[in-house]
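What you see is a predicted model, and the numbers here were worked out from it, not measured in a lab.
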Amino acid sequence: MSVATEGPTQSGNENLPLLHSSEEVETRSATFMDAFLALLKSFIGAGLLALPFAFSKAGMAGGLIVSVLVPIMCNWATKSLVYSKHKIETNHAVAGLTFQDITKMILGDWAYYVVVFSLFCCQLGACVAYHIFVARSIDGLVEGDIKHMGSWYTFMVIMLCPIFIGLLQIKNIKRLVPFATAANFLIIFTLVFIVCYGFIDVCHGTDAKPCGNVQELRLDTIAITLGISTFAMEGVFVVLPVYDSMHDPRQIVRVLDLTFAVAGTLCATFGMLGYFVWGQATASVITLNMHHGSAVFTTVCISCVLLLSYPIQMFPVTQYLDSAVRVIATKVTERITGSSADVAEVGTLRPWQRAIRVFSVMLTGMVAFFFPHFGSVLSLIGAVGYSIAGFAMPAMIYDRLLTAENKKRGIAAILVTSFGVFVLVSGLIVNIKAIIDDDAS
């Protein structure tokens, strides 16, 4: 699939309010390596931490199959999305289209709102997962119990809220870039430390259950593995902005191939090694499998990573809500005063911005309190959010473009769409059942 080919001409340019003129697009300056590193960083996040647990739900063979299948499907879907963007921008002589723009143009308003819903699920859900992981890690560290939560969990969920609210007061996302870069290097270091700890202190230690106590294949809960592995491909929303920033956009295909190859290999390797070490006893919060000083070290490292990542994950949500409230407030002001002045310019929106951030954090805290299941929450986010944005919608957009051009529908688009629907439906059923069973026990 090439994104550099010239698209067919289309008579007439429609009135498309979501489009941006080419002057509004930022200067293309990113090199091949810049684009690769930016995408790779976006794919290295909290999803990696739950992959050993994901393997325990599918078995070693099942986990490896899913770890190969999901990146391949996601790679094809993101390429098709870039291809669709290129074709539409070429036909309409515009630039800077976002995922939401493309979805609304090709599939209609319903699809636009589905993508927005998907974005909210992914970003808010990731913040809920961060809340759970940090609180559960500290609770397990203090209480010394990996299976049952103590009173420290509730305390930490509450204490994290003002910390997150404070971090969200940083309104310029560029100020968080250095911290995000540091967090990515820190999480790689921590993952390596966890694996080394497992082989040194567990496989060659005095644990009653030796390494290698694994199952080959489990089909009853493999949907949980699919959801977590899909969540691990969390950089799908970053692909189009990276493409827009590239000096030579024709290299995007090679960038995507390399990114998914490296990210997929990293995910499969960590999931396989972690599961090999702890077997069926693998906890969804991986730090709960560790002891003493190693547990303290990894808890501190990962907590720092997630604390720094929280405002970045929440930024698209607060930005969208800020814009929505600003539009509503401006219309109300115009109707009352008859003035067309922008509400934001007179400063009346700032309290609303603070209220939005407080509400968003409290929402993630409430969900973390009532549903403290890290693995199941990640899997649900992957099933509900990323299966739509990472598989179904890009494939449906590409298929619709082929149909509009009177070309033969591609079997790949149908397969990827079907795969996304399967991940969504099976993930919902199995994860909700797992959460209910965990609460009952």
Side-chain angles (χ1 to χ4, degrees), residues 1 3 7-22 24-25 73-74 76-125 230 236-241 243-244 316-317 319-321 323-328 331 381-425 427-428:
M1 181 185 301
V3 299
T9 59
Q10 181 171 323
S11 58
N13 287 332
E14 303 172 12
N15 184 20
L16 302 170
L18 288 177
L19 300 186
H20 310 285
S21 64
S22 47
E24 291 177 302
V25 181
M73 291 286 192
C74 199
W76 185 93
T78 52
K79 285 180 183 178
S80 69
L81 183 61
V82 172
Y83 175 84
S84 301
K85 172 183 168 72
H86 171 77
K87 297 286 282 188
I88 297 169
E89 291 181 343
T90 300
N91 292 343
H92 293 282
V94 293
L97 291 179
T98 66
F99 192 179
Q100 296 94 315
D101 294 339
I102 296 170
T103 304
K104 185 168 186 176
M105 291 172 59
I106 302 302
L107 300 178
D109 289 342
W110 71 269
Y112 169 82
Y113 290 113
V114 168
V115 169
V116 171
F117 171 76
S118 171
L119 174 64
F120 269 67
C121 284
C122 295
Q123 306 303 128
L124 280 174
T230 301
V236 291
F237 288 108
V238 184
V239 171
L240 293 189
Y243 169 72
D244 280 333
V317 175
Q319 187 182 44
Y320 185 89
L321 292 176
S323 299
V325 171
R326 178 176 176 176
V327 170
I328 294 173
K331 289 182 178 179
I381 300 166
V384 176
Y386 286 105
S387 67
I388 296 173
F391 303 126
M393 281 299 175
M396 291 172 65
I397 292 170
Y398 180 70
D399 184 65
R400 181 65 63 86
L401 281 177
L402 292 181
T403 303
E405 296 173 359
N406 296 320
K407 294 182 179 179
K408 184 178 180 181
R409 299 180 65 186
I411 186 66
I414 298 173
L415 287 175
V416 173
T417 303
S418 301
F419 180 75
V421 173
F422 175 77
V423 173
L424 171 63
V425 175
L428 275 174

Mind checking the [atom1]-[atom2] spacing from [X] to [Y]? Nearest 0.5 Å is all I need.
| X | Y | atom1 | atom2 | answer |
| --- | --- | --- | --- | --- |
| Lys85 | Phe99 | NZ | CZ | 12.0 Å |
| Leu97 | His92 | CG | NE2 | 8.5 Å |
| Leu401 | Lys87 | CG | NZ | 8.0 Å |
| Ser387 | Met73 | OG | CE | 13.0 Å |
| Tyr386 | Ile381 | OH | CD1 | 7.5 Å |
| Thr103 | Met105 | OG1 | CE | 10.5 Å |

[X] and [Y]: which non-hydrogen atoms are nearest, and at how many Å?
| X | Y | value |
| --- | --- | --- |
| Ala77 | Pro394 | O-CB, 3.3 Å |
| Ala395 | Ala413 | CB-O, 3.5 Å |
| Ile106 | Ile397 | CG2-O, 4.0 Å |
| Gly96 | Asp101 | O-OD2, 4.3 Å |
| Ser118 | Gly385 | OG-O, 2.7 Å |

So Leu107 and Met393, side chain to side chain contact (heavy atoms under 4.5 Å, CB included) or not? Walk me through it. CA-CA 9 Å; Leu107 300 178; Met393 281 299 175; 3.7 Å; yes
Apply side chain to side chain contact (heavy atoms under 4.5 Å, CB included) to Ile388 and Val114, showing your working. CA-CA 8 Å; Ile388 296 173; Val114 168; 3.7 Å; yes
Is there a side-chain contact between Val236 and Thr78, using heavy atoms and a 4.5 Å cut-off? yes
Does atom CZ (Phe120) have a neighbourhood of more than 12 heavy atoms from anything else shown, all under 6.0 Å?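 Yes, enclosed.
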Given side chain to side chain contact (heavy atoms under 4.5 Å, CB included), test Phe391 with Thr230 step by step and report yes or no. CA-CA 9 Å; Phe391 303 126; Thr230 301; 3.5 Å; yes
Passes side chain to side chain contact (heavy atoms under 4.5 Å, CB included), Asp399 versus Thr417? Steps please. CA-CA 10 Å; Asp399 184 65; Thr417 303; 6.0 Å; no
Set of residues satisfying ring pair (Phe, Tyr, Trp, His ring centres under 6.0 Å) with respect to Phe237, sequence neighbours excluded: none
